[in-house]
Amino acid sequence: MIVEEQIREILLKAIEKTGDFKTSEIPLIIDIPREKKFGDYSTNFALLSAKALKKNPREISGKIIEKISDPSGIINDIKIEGGGFINFFVKKEAFHQLIPLILSSPHDYGKQNLGQGIKLQIEFVSANPVGPMHAGHGRWAVLGDSIANILSFTGYDVQREFYVNDFGNQMELFSQSVLARYLELLGESSEFPEEGYKGAYITEIAQKIIDKEGPKFLKMPQDERLEQIRELSYNQVLDLIKKVLKETDVNFDCFFSERTLHASGEVQKTLEILTQNGCTYEQDGAIWLKSSALGDEKDWVLVKSDGNPTYFLVDIAYHKNKAMRGFQKVINIWGSDHFSHVKRMHASLRALGLNSGILEVIIGQMVILKRGGMLVRMSKRTGEMVTLEELIAEVGRDAARFFFIMKSANSVLDFDIELAKSQSQENPVYYLQYAHARICSIFKIAEQEGIRLKEISNTDLTLLAEEPENIILKKMEQFPSVVKNASNRREPHLLAHYALDLAGDFHSYYSHYRILSDGKNLTLARLELLKALKIIFETSCALLGITAPEKM
RNA sequence: GCGCCCGUAGCUCAAUGGAUAGAGCAGCGGACUUCGGAUCCGCUGGUUGGGGGUUCGACUCCCUUCGGGCGCGCCA
């Protein structure tokens, strides 16, 4: 058991003994004070309970302290300070037990069962297959991938899904655009659709089709060639998307095709259920959802007056499908431009008679791409954009991933390509990776010098008595709670900051103390510490989706 | 106009309602012939946009105000 848990137990027992209140009434929060003088751990329990007890917090703390017993003798001192904080000063040796704990099951350190194995689906990126992915997609890709890693690690049965919008208006416009370029390239006159995609990549797609299929579409009837061009083009784009995701090391379990929802009749069926449940009405030749009666601000169209379903209706069918697949929790990552969809999706789940609580939406703010301080405008229509592929190629995968994931998703992200590149030598990601590589390097040298680790139980860990060693151990102990926080809040950046912080502690320690010293037992003890530390770096990097190189 | 997000050091960003608000970058000055100098150590830098309130305690919660972003489609 780690020290913090021991402190918790000691406190719980003591509070129980006072008999003044049940510990379940007031949360027992154990903090790690920023100030060293306030000890290793502290609790504000007395301050929180003062009101209920109508007593002075310092008095309450005093009473609790009286009842504290410390059978395993880990505590050096207990003090009441400030308004009534109880501060614990723990013996350094108490932290040493963490090392064998980590080493006994390296891959499990930090692992938790928060999710209790519930089936959870996370859907992210879901870029329309009508053009290459841009930086914004990159943010969702990396964020979703890391959240999925963390959720799996904390006991959720996670499935990662990419929703492919391979149906509808955008598809049509897209294929018309490609066909127009195709005809142009072959010297035929063509009419480019007014709202068509004007990016240069459309011409590239058309050229590839010419390379592969030749001019065979010139004489084909319009409907037929449009359909064939559509299939060829969209598959090209989808392949590219998959390729770039792979390069970014973002993995999906499922690419879910929108078409299947239409083909299976699920869209139609969904509309029927909504109507049966009395949640729809007709107006101006369209069918509407009464979402305003279900928690949304307004009603939305389900079926347009031309008889076609809206994206919204299909999305309802899609979420119904998710629920039918047995997911108990469904997480979507959407850009802030989709914010208004959150309420209406919840409303529509209620309209279906489903628990809207299963759907959780993470709204991420946009990415502002810059190049040397200058704004890079992004538009799929005009085609002026920096693709994710180019970004990764230019900045590097790990550096780009770290840049995306280091910052909280609910702030607009400034991504300056020049900055990310020029800093590449001092990019925080290398600081973290370097810590890992350094440890590997030490072990390599230790091996060359014939230093062999003993059984951990025969290693004298009490030799780890230096202050920085204590700081590192204490921070290592926090790892599970950082993971827990990152999981509950779906915020990988917490983990990124933690890992950087720990890397900093290590670098500082390294430059002030010899690991491979003359004292053999001290060397062995320090190597064990580094072995455990290395595991935390590896696990952190894995959860963040970056590599932990042995040398750089 | 309404809804949501953001506003913290020159810049980019952190901080489950806790004690003296922290890092990195940039700037300045340093690191003993030893395990990797992609490192380390020190200094400079703040009215947490402004104003009220709740609280023993507020960057954090509430109200208000200013500034920026994103929405408010029979587009997706």
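Note that the structure is predicted; figures quoted are calculated from it, not measured. Per chain, numbering begins at 1; letters A, B, ... match sequence-line order.
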Would you call A:E469 and A:K474 a salt bridge, taking side-chain N to carboxylate O under 4.0 Å as the test? no

Does B:C40 have OP1 or OP2 under 4.0 Å away from a side-chain N or O of A:Y431? yes

Contact class for A:Y513 vs. all strands (heavy atom < 4.0 Å): base, sugar-phosphate, or nothing? base

Would you say the base of B:G18 and the side-chain of A:N44 have a donor-acceptor pair closer than 3.5 Å? yes

Pairing partner (Watson-Crick or G-U wobble, both distances under 3.5 angstrom) of B:C2: B:G71

Are any of A:R34's side-chain N or O atoms less than 4.0 Å away from OP1 or OP2 of B:G18? no

Any side-chain N or O of A:S411 under 4.0 Å from OP1/OP2 of B:C13? no

Quick one: the side chain of A:K370 and the base of B:U12, do they pair up donor-acceptor inside 3.5 Å? no

Phosphate OP1/OP2 of B:C72: any A:K343 side-chain N/O under 4.0 Å: no

Please state whether the base of B:A14 and the side chain of A:D501 form at least one donor-acceptor pair under 3.5 Å? no

Check: A:H493 side chain, B:A15 base, donor-acceptor under 3.5 Å: no

Is the distance from OP1 or OP2 of B:C5 to the nearest side-chain N or O of A:S336 less than 4.0 Å? no

Taking any heavy-atom pair under 4.0 Å as a contact, classify A:F312: base, sugar-phosphate, or nothing. nothing

Are A:K370 and A:D414 within salt-bridge range, i.e. N to O under 4.0 Å? yes

Assess whether a salt bridge exists between A:R344 and A:E297, defined as any Lys/Arg side-chain N lying under 4.0 Å from an Asp/Glu carboxylate O. no

Does A:R438 have a side-chain nitrogen or oxygen under 4.0 Å from the phosphate oxygens OP1 or OP2 of B:G37? yes

Using atom CZ of A:R344 as one end and atom C1' of B:G3 as the other, report the distance to the nearest whole Å. 15 Å

With sugar-phosphate meaning primed atoms plus P, OP1 and OP2, does A:S305 contact a base, only sugar-phosphate, or nothing at under 4.0 Å between heavy atoms? base

Interatomic distance, A:R514 CZ vs B:C35 P [rounded to whole Å]: 6 Å

List the atom of A:L463, the atom of A:A525, and the distance in Å for their closest heavy-atom pair. CB-CB, 4.4 Å

Under 4.0 Å between a side-chain nitrogen and a carboxylate oxygen: does that hold for A:K63 and A:E59? no

How do A:P309 and A:H512 order along RNA chain B: which one's closest nucleotide is nearer the 5' end? A:H512

Indicate whether OP1 or OP2 belonging to B:C6 is found under 4.0 Å from a side-chain N or O atom of A:K407. no

